[in-house]
Amino acid sequence: MKKSLSQLESQVYAFNVLHKVGDKVTVILDDGTKKECTVSSAATILGGHSAVVWLDEISGCYSLDRVVFN
């Protein structure tokens, strides 16, 4: 289900309140495995359609829908 801009903004805000650069989070990878990663930037909205965060251990950004808060 596509999220509205308001829903994406809320998701990004909630993540950024709880997690700062340098914090550890767990990401669910495409194959279902979990990987602990370090937040390397504040979460943001990518292209007006996805809430994402950049992580040190993963190239590119990852959807906040796949991040498990530690």
Side-chain angles (χ1 to χ4, degrees):
M1 181 172 91
K2 184 178 177 185
K3 293 181 181 177
S4 69
L5 184 57
S6 176
Q7 289 171 314
L8 294 171
E9 289 170 342
S10 293
Q11 188 178 19
V12 165
Y13 176 80
F15 182 89
N16 289 334
V17 165
L18 294 173
H19 300 285
K20 304 299 180 208
V21 171
D23 286 355
K24 298 287 186 186
V25 295
T26 301
V27 175
I28 301 169
L29 301 175
D30 293 341
D31 65 3
T33 60
K34 294 180 180 177
K35 179 175 183 164
E36 185 173 83
C37 297
T38 307
V39 175
S40 63
S41 74
T44 189
I45 297 171
L46 180 67
H49 57 76
S50 299
V52 299
V53 66
W54 279 261
L55 305 160
D56 285 338
E57 294 80 6
I58 296 176
S59 179
C61 58
Y62 231 76
S63 171
L64 289 183
D65 292 337
R66 298 285 229 24
V67 176
V68 179
F69 297 176
N70 291 349

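The basis for the numbers below is simple: all heavy atoms, side chains too, and nothing from hydrogens, waters or symmetry mates. Numbers here are sequence positions counted from 1.
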So CG of Leu29 and NZ of Lys34: to nearest 0.5 Å the spacing works out to 11.0 Å
Please report the interatomic distance OH(Tyr62) to CG(Asp30), rounded to the nearest 0.5 Å. 4.0 Å
Test side chain to side chain contact (heavy atoms under 4.5 Å, CB included) applied to Ser10 - qualifying residues, sequence neighbours left out: none
Please name the pair of heavy atoms, one in Trp54 and one in Cys61, separated by the smallest distance, quoted to 0.1 Å. CE2-CB, 3.4 Å
Here the pair of heavy atoms bringing Ser50 nearest to Leu8 is N-CD1, 4.0 Å
Minimum heavy-atom separation for Ala43 to Val12, with atom names? O-CG1, 3.3 Å
Please tell me if the side chains of Leu55 and Val39 come closer than 4.5 Å, counting only heavy atoms from C-beta onward. yes
State, to 0.1 Å, how close Val27 and Cys37 come at their nearest heavy-atom pair, and which atoms those are. CG2-SG, 4.1 Å
In the structure I gave you, are the side-chain heavy atoms of Asp23 and Leu18 within less than 4.5 Å of one another anywhere? no
Rounded to the nearest 0.5 Å, what separation is found between the NZ atom of Lys3 and the CG atom of Leu64? 7.5 Å
Hey, does the side chain of Ser63 reach the backbone of Asp65 with a donor-acceptor pair shorter than 3.5 angstrom? yes
Test salt bridge (Lys or Arg N to Asp or Glu O under 4.0 Å) applied to Asp56 - qualifying residues, sequence neighbours left out: none
Quick one: do Val21 and Phe15 end up in the same hydrophobic cluster if we chain Ile, Leu, Val, Met, Phe, Trp and Tyr together by side-chain heavy atoms under 4.5 Å apart? no
Starting from Tyr13 and following side-chain heavy-atom contacts under 4.5 Å between hydrophobic residues (I, L, V, M, F, W, Y), which residues can be reached? Val17
